[in-house]
Q: 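Sending over a structure as structure tokens; questions will come in a sec.
The residues of the chain are indexed from 1 along the displayed sequence. In this text, all values refer to a predicted model and were calculated from it rather than measured experimentally.
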Amino acid sequence: MDAFTAGLLQRIKTTESDLTRARETGDDFLADVEQSELDDLHRLAAEHGVKIGSSSV
């Protein structure tokens, strides 16, 4: 796995965790921000052919 793929997958994992935490604490604004970031990361992964596992979020 190259550095780009590894970094992208790590960012997705971190963002999923941050999104879960925002939802659990009831921070709707932060949840929206994290969801947008996650959507962008998934789009970036798709554009570069990076396969991501099923997300927990």
Q: Check whether any side-chain N or O of T25 sits under 3.5 Å from a backbone N or O of R21 as a donor-acceptor pair, and report yes or no.
A: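 Confirmed, T25 side chain pairs with R21 backbone.
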
Q: Suppose we screen for side-chain hydrogen bond (donor to acceptor under 3.5 Å, both in side chains). Which residues come up paired with S36, at least two apart in sequence or across chains?
A: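 If we apply the side-chain hydrogen bond (donor to acceptor under 3.5 Å, both in side chains) test to S36, skipping adjacent residues, there are no hits.
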
Q: Test H42 against every option in T15, V50, I12 by the side chain to side chain contact (heavy atoms under 4.5 Å, CB included) rule and name the one that passes.
A: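 With H42 as partner, side chain to side chain contact (heavy atoms under 4.5 Å, CB included) holds for just one option, I12.
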
Q: How long is the gap from CG on L44 to NE2 on H48, to the nearest 0.5 Å?
A: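 Going from CG on L44 over to NE2 on H48, the span is 4.5 Å.
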
Q: Output the distance between atom CG (L38) and atom CG (D18), rounded to the nearest 0.5 Å.
A: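 Between L38 CG and D18 CG, I get 10.0 Å after rounding to 0.5 Å.
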
Q: Minimum heavy-atom separation for L19 to A31, with atom names?
A: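 Scanning both residues completely, I find the closest heavy atoms to be CD1-O, 3.3 Å.
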
Q: So does K13 get a backbone contact from the side chain of S17, meaning a donor-acceptor N/O pair under 3.5 Å?
A: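 It does not hold such a pair.
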
Q: For D27, what residues pass the side-chain hydrogen bond (donor to acceptor under 3.5 Å, both in side chains) criterion, not counting sequence neighbours?
A: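 Counting only residues at least two positions away or on another chain, D27 forms no side-chain hydrogen bond (donor to acceptor under 3.5 Å, both in side chains).
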
Q: If you measure from CG on D28 to CD on Q35, what distance do you get to the nearest 0.5 Å?
A: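 Result: 12.5 Å between the selected atoms.
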
Q: Inspect the contact between R11 and E37 and indicate whether a charged nitrogen and a carboxylate oxygen are less than 4.0 angstrom apart.
A: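 Here E37 pairs with R11 in a salt bridge, since their nearest N and O are under 4.0 Å apart.
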
Q: Return the CG to CG distance between L41 and L8, rounded to the nearest 0.5 Å.
A: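 L41 atom CG to L8 atom CG measures 6.0 Å (nearest 0.5 Å).
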
Q: Kindly give the heavy-atom pair with the smallest separation between A45 and I52, and that separation in Å.
A: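 Smallest heavy-atom distance, with atoms named: CB-CG2, 4.3 Å.
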
Q: Kindly compute the distance separating CD (E34) from OG1 (T14), expressed to the nearest 0.5 Å.
A: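 If we round to the nearest 0.5 Å, E34:CD and T14:OG1 are 9.5 Å apart.
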
